[in-house]
Visitor: 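Dropping the structure in here first, questions after.
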Number of protein chains: 2
Amino acid sequence: MKSYSIGQIADMFDLPISTLRYYDKEGLFPELHRSGNRRLFTEREIDALRVIECLKASGLEIRDIKQFMQWCSEGPSTYAQRKQLFEDRRDAVLKEMEQLRKTLDLLQYKCWYYETALTDGHEDRIQSMLPDGLPANIQKLYDNAFKE
Amino acid sequence: MKSYSIGQIADMFDLPISTLRYYDKEGLFPELHRSGNRRLFTEREIDALRVIECLKASGLEIRDIKQFMQWCSEGPSTYAQRKQLFEDRRDAVLKEMEQLRKTLDLLQYKCWYYETALTDGHEDRIQSMLPDGLPANIQKLYDNAFKE
DNA sequence: CCTTGACCTAAAGTCAGGTTTAGGTTGTAT
DNA sequence: ATACAACCTAAACCTGACTTTAGGTCAAGG
């Protein structure tokens, strides 16, 4: 089976070699083999890295990613846990996206605010519109950002 | 003008008092006054905290939030920089949302994967569908996640 | 008076997620 | 045979964002 050196994988994923060694030390590649003392990455580890990047992007910590990788090497008996993990991450990402949407609304409001301030040379006119006399589209951004 | 103690603000924003003191030490409230040696928070600092939470959620570091707060206390001459900052954060958040959308697609694919594996009792049938013989809706998730 | 609660400071500690350093091995090209 | 690139380890170091600790001030209530 085809295998790759740590340097090749680093190039493939645009990661520092030190990060790959750190991941290995943290147990993220429980099945990684060696030739002599050199790591041999295979399609298995490449798949693992894709999942690692996904789980990291979802906000999961290294120690929990390790847990997942261990489940993977324990076979079918852990399907239920693995499914649960991905459902939890999906829910966490949906929540994070909702939070970002609110953040975005406030940022867009602020973009409008400073564009207006720049045109006017002061904030007086805008301040006099607050908190609920803004142009309708802008008012919506402002309200959304603080809603809940 | 109405003012609040650090404890009242902590309750208001559901933040530890130590965090508020840390923010102050880092220069996030450049105009904060005191009575004796006690901090007096006003509407100004409450607004500041709302912006701090937004900028933090957008991924900005404390030192850059400090810069923004200093611009705010320098008056109209910094409107352009402040506007640019919010435009940059808006773009950063849009990028992050796009990244999260891809992450979500892979997570949903994995949810399907393990649901199927759990039903089948093994991964063999799924593996034989890879990389492009998945059900159409699932194939789309899988493709989106790795698309550039 | 003295205790209690809410505040204060400076400095040290914590935690995640790496990165850097120092020193060593191995395989190939000149 | 030697130089060089690419790999290895253990351990120390780094950064950001807090949190904890230790010790102190101060006003109000019993």
Side-chain angles (χ1 to χ4, degrees), chain A residues 2-42 45-46 48-69 89 92 96 99 103, chain B residues 2-30 32-42 45-46 48-70 89 92 96 99 103:
Chain A
K2 182 141 198 221
S3 75
Y4 305 85
S5 71
I6 198 170
Q8 289 174 312
I9 298 290
D11 288 348
M12 218 175 270
F13 283 86
D14 199 20
L15 286 174
I17 288 179
S18 62
T19 299
L20 292 170
R21 290 206 267 248
Y22 166 69
Y23 286 173
D24 185 24
K25 199 175 53 169
E26 293 302 304
L28 266 43
F29 307 121
E31 316 234 32
L32 184 67
H33 291 153
R34 304 238 175 172
S35 151
N37 69 339
R38 311 215 162 180
R39 293 172 182 84
L40 287 184
F41 291 77
T42 67
E45 280 75 35
I46 291 174
L49 268 169
R50 288 200 265 259
V51 176
I52 288 166
E53 302 221 304
C54 171
L55 291 175
K56 259 171 55 73
S58 85
L60 202 66
E61 292 180 12
I62 298 291
R63 79 168 73 88
D64 297 319
I65 300 180
K66 170 185 182 176
Q67 174 67 272
F68 170 73
M69 292 303 167
R89 294 333 292 161
E96 173 65 11
Q99 166 60 51
T103 298
Chain B
K2 182 142 198 219
S3 74
Y4 305 85
S5 72
I6 197 169
Q8 288 174 312
I9 298 291
D11 288 348
M12 218 175 269
F13 283 86
D14 200 21
L15 284 174
I17 288 179
S18 61
T19 300
L20 292 170
R21 289 207 267 248
Y22 166 70
Y23 286 174
D24 185 24
K25 199 176 53 170
E26 293 302 305
L28 265 45
F29 307 121
L32 184 67
H33 290 153
R34 304 237 173 173
S35 149
N37 68 340
R38 312 213 160 183
R39 292 171 182 85
L40 287 184
F41 291 76
T42 67
E45 280 74 35
I46 291 175
L49 268 168
R50 288 201 265 259
V51 175
I52 288 166
E53 302 221 304
C54 171
L55 290 175
K56 260 172 56 72
S58 85
L60 203 65
E61 294 180 9
I62 299 291
R63 79 167 77 86
D64 297 319
I65 300 180
K66 171 185 181 175
Q67 173 67 272
F68 170 74
M69 292 302 168
Q70 279 172 352
R89 295 332 293 161
E96 174 65 9
Q99 166 60 50
T103 298

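Lettering follows sequence order; numbering is per chain, from 1.
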Visitor: Could you list by number each residue of residues 25-42 of chain A showing a heavy-atom separation from DNA chain C of less than 4.0 Å, or answer none if no residue does?
Guide: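 Under 4.0 Å from DNA chain C: Arg38(A).
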Visitor: Hey, does Thr19(A) reach any base, or is it just sugar-phosphate, or nothing, if we go heavy atoms under 4.0 Å?
Guide: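 Sugar-phosphate contact only - Thr19(A) comes under 4.0 Å of backbone atoms but never of a base.
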Visitor: Can you name the residues that form a salt bridge (Lys or Arg N to Asp or Glu O under 4.0 Å) with Arg50(A), not counting sequence neighbours?
Guide: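 Result, salt bridge (Lys or Arg N to Asp or Glu O under 4.0 Å) vs Arg50(A): Glu43(A), Asp47(A).
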Visitor: Please state how far atom OH in Tyr22(A) lies from atom P in dA11(D), giving the value in whole angstrom units.
Guide: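 Between P of dA11(D) and OH of Tyr22(A): 17 Å.
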Visitor: Examine dG17(C): is either OP1 or OP2 under 4.0 Å from a nitrogen or oxygen in the side chain of Lys66(A)? Give yes or no.
Guide: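 No, Lys66(A) has no side-chain N/O under 4.0 Å of OP1/OP2 on dG17(C).
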Visitor: Are any non-hydrogen side-chain atoms of Leu15(A) and Glu53(A) less than 4.5 angstrom apart?
Guide: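 Counting from C-beta outward, Leu15(A) and Glu53(A) do come under 4.5 Å.
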Visitor: Choose from dC8(C), dC18(D), dT19(D) the nucleotide whose nearest atom is closest to any side-chain atom of Pro16(B).
Guide: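 The listed nucleotide nearest to Pro16(B)'s side chain is dT19(D).
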Visitor: How long is the line joining CG of Leu20(A) and P of dG17(C), in whole Å?
Guide: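 For the pair Leu20(A) CG and dG17(C) P, the rounded distance is 16 Å.
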Visitor: Could you work out which one of dT9(D), dC18(D), dG18(C) sits closest to the side chain of Tyr23(B)?
Guide: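 Comparing dT9(D), dC18(D), dG18(C) against the side chain of Tyr23(B), the answer is dC18(D).
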Visitor: What is the distance, to the nearest angstrom, from the CG atom on Asp24(B) to the P atom on dC7(C)?
Guide: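 Going from CG in Asp24(B) over to P in dC7(C) covers 14 Å.
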Visitor: Expected output is a numbered-order residue list: members of residues 4-12 of chain A with a heavy atom under 4.0 Å from any atom of DNA chain C. What is it?
Guide: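 Hits under 4.0 Å, by residue number: none.
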Visitor: For the salt bridge (Lys or Arg N to Asp or Glu O under 4.0 Å) test, which of Arg34(A), Lys66(A), Arg38(A) pairs with Asp24(A)?
Guide: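 Exactly one candidate clears the test, Arg34(A).
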Visitor: Could you tell me the separation between the CD atom of Glu53(A) and the P atom of dG18(C), rounded to a whole number of Å?
Guide: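 After rounding, the gap between these two atoms is 10 Å.
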